[in-house]
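Values reported hereafter were calculated over all heavy atoms of this structure, with side chains retained and with hydrogens, waters and symmetry mates removed. Letters A, B, ... mirror the listed sequences (proteins, then strands); counts begin at 1. Remember, predicted model here, so these are calculated numbers, not experimental data.
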Number of protein chains: 2
Amino acid sequence: MEVGTSKSPSNPAGTVDHGDPDPFQWDTREDCQVRQILDRVADKWSLLVIALLDGRCWRFTELRREIDGISQRMLTVTLRQLERDGLVKRTVHPVVPPRVDYELTPLGRTLHTTIRSLVMWTEDHQGEIAAAREAYDAAREAEMAEREAEAAARKPEAAAREAEAPTRESEAARRAR
Amino acid sequence: MEVGTSKSPSNPAGTVDHGDPDPFQWDTREDCQVRQILDRVADKWSLLVIALLDGRCWRFTELRREIDGISQRMLTVTLRQLERDGLVKRTVHPVVPPRVDYELTPLGRTLHTTIRSLVMWTEDHQGEIAAAREAYDAAREAEMAEREAEAAARKPEAAAREAEAPTRESEAARRAR
DNA sequence: CTGTATCCTTCTCGATACTG
DNA sequence: CAGTATCGAGAAGGATACAG
């Protein structure tokens, strides 16, 4: 598998040649390891499970209760994937009411740290994001209103004329469909 | 889509209070800010775009080329979301071949750092994960094989006996205890 | 309690075609 | 070049029922 996407050094019109000083050039191909693992790790439920799991053991039902909105199915599936990836250890106690404990592996604990920092980022900046969203939406709405005003100022004459005396052109256009 | 949900600090019905010594108790409810932002930020394409974007400006097509497998639609959608969240700045140059530049905002840059550490974690541990997966799959296969062997060893006699004298089986079972 | 199996809805996403 | 709009296939995921 060569890095087939030969990024031709020739730049398309107008882009500056910055010589790509980025040393952070990871494998961007769709089927590469990093992309696959990232998909798993960045999965909604995986993220929450890893973030929740700390030092101690958790029972299945306990996790289910703690993660609001997760279905039994998705918790099972997610835990299995995490177990397969070596991030979570599953321990079955062969007792009469079945009991299963889940806990982070050492590898999982290293990921836990990273993911927690992502969660903390989210907590720290949720205000800014909410504000940005409001600003964006407000701007869009203002834009829409302006456009409508423009249209309302222009169309009425045309629409009125059209209503009274449909032009031959417009009729022809309608028939064309 | 107002997020108007007033989040009362009280827990929703039924959650146990197990003393929770975890100081990292964030709002786990499905509709809370953190969960929503986490979903956005942990999104496959958002992650890749943020990870790719560094100091400089990027053109639309440039991003499209760099992110293998992304469709035009998803790139547009993703960039719009990131713009709305105040993570990416979009600059339209009103020139004859339309030109649009994308770059991280200061807020986006802080997230970039966090996400890069996630990507780096993935790069650092992809070997371990691959190994864990192999081990898991091998174990599962061995388990399957064993089960099949068991079944093959048990069923023929049982089935044969059962076919000759169906009533015997229950008696034998009872005696076995 | 901790799953597994099945069905069925929902929603994501890619392909395609068209616009400024 | 940089979108927007539309549509359909397919996957993700929830609900439910049942098993060990």
Would you say the side-chain atoms of B:Arg109 pair up with the backbone N or O of B:Leu104, donor to acceptor, closer than 3.5 Å? yes
To the nearest angstrom, the CG-C1' distance between A:Asp101 and C:dT2 comes to 12 Å
Between A:His112 and A:Ile50 (side chain of the first, backbone of the second, donor and acceptor by atom type, cut-off under 3.5 Å), is there such a pair? yes
Calculate the interatomic distance between A:Leu75 atom CG and D:dA15 atom P; express it in whole Å. 14 Å
Starting at the 5' end of DNA chain D, what dot-bracket string do you get if Watson-Crick and G-U pairs under 3.5 Å are bracketed, crossing pairs use [ ], other-strand pairs use | and unpaired bases use dots? ||||||||||||||||||||
Rounding to an integer number of Å, can you tell me how far A:Glu62 CD sits from C:dC1 C1'? 13 Å
Side-chain N,O (B:Arg64) to OP1/OP2 (D:dG3) below 4.0 Å: no
Between C:dG3, D:dC1, D:dG3, spot the one nearest the side chain of B:Thr76, thanks. D:dG3
Does a side-chain N or O of A:Arg59 approach OP1 or OP2 of C:dT2 to a distance below 4.0 Å, or not? yes
Option passing side-chain contact (heavy atoms from CB on, under 4.5 Å) with B:Arg65 (candidates B:Ile67, B:Thr61, B:Asp68): B:Thr61
Heavy atoms from C-beta onward define the side chain here; which of C:dC1, C:dG3, D:dG3 lies closest to that of A:Pro97? C:dC1
Quick one: B:Trp58 CH2 to D:dA2 C1', roughly how many Å, whole number? 17 Å
I'd like to know if the side chain of A:Glu66 and the backbone of A:Leu63 have a donor-acceptor N/O pair within less than 3.5 Å. no
Check ion pair A:Glu62-A:Arg56 (N to O, under 4.0 angstrom): yes
Rounded off to whole Å, could you give me the CZ-to-C1' distance for the B:Arg99 and D:dG3 pair? 16 Å
A:Ser46 side-chain N/O to A:Ala42 backbone N/O, donor-acceptor pair under 3.5 Å: no
Where do B:Arg90 and B:Asp101 land on the salt bridge (Lys or Arg N to Asp or Glu O under 4.0 Å) test, with the steps shown first? CA-CA 6 Å; B:Arg90 177 167 173 269; B:Asp101 284 337; over 6 Å; no
For B:Pro98, answer base if it contacts any base atom (sugar-phosphate contacts may also be present), sugar-phosphate if it contacts only those atoms, and nothing otherwise; contact means non-hydrogen atoms under 4.0 Å. base
Please state how far atom CD in B:Glu83 lies from atom P in D:dA2, giving the value in whole angstrom units. 15 Å
Minimal non-hydrogen separation, A:Thr105 against A:Gly86, with atom names: OG1-O, 2.7 Å
Expected rows: protein N/O vs nucleotides 11-17 of chain C N/O, under 3.5 Å:
residue : atom : partner : partner atom : Å
C:dG14  : OP2  : B:Ser71 : OG           : 2.9
C:dG14  : N7   : B:Arg73 : NE           : 3.2
C:dG14  : O6   : B:Arg73 : NE           : 3.2

State whether A:Tyr102 places a side-chain N or O below 4.0 Å from either non-bridging phosphate oxygen (OP1 or OP2) of C:dG3. yes
Using side chain to side chain donor-acceptor pair (under 3.5 Å) as the criterion, list what pairs up with A:Thr110, not counting sequence neighbours. B:Trp121
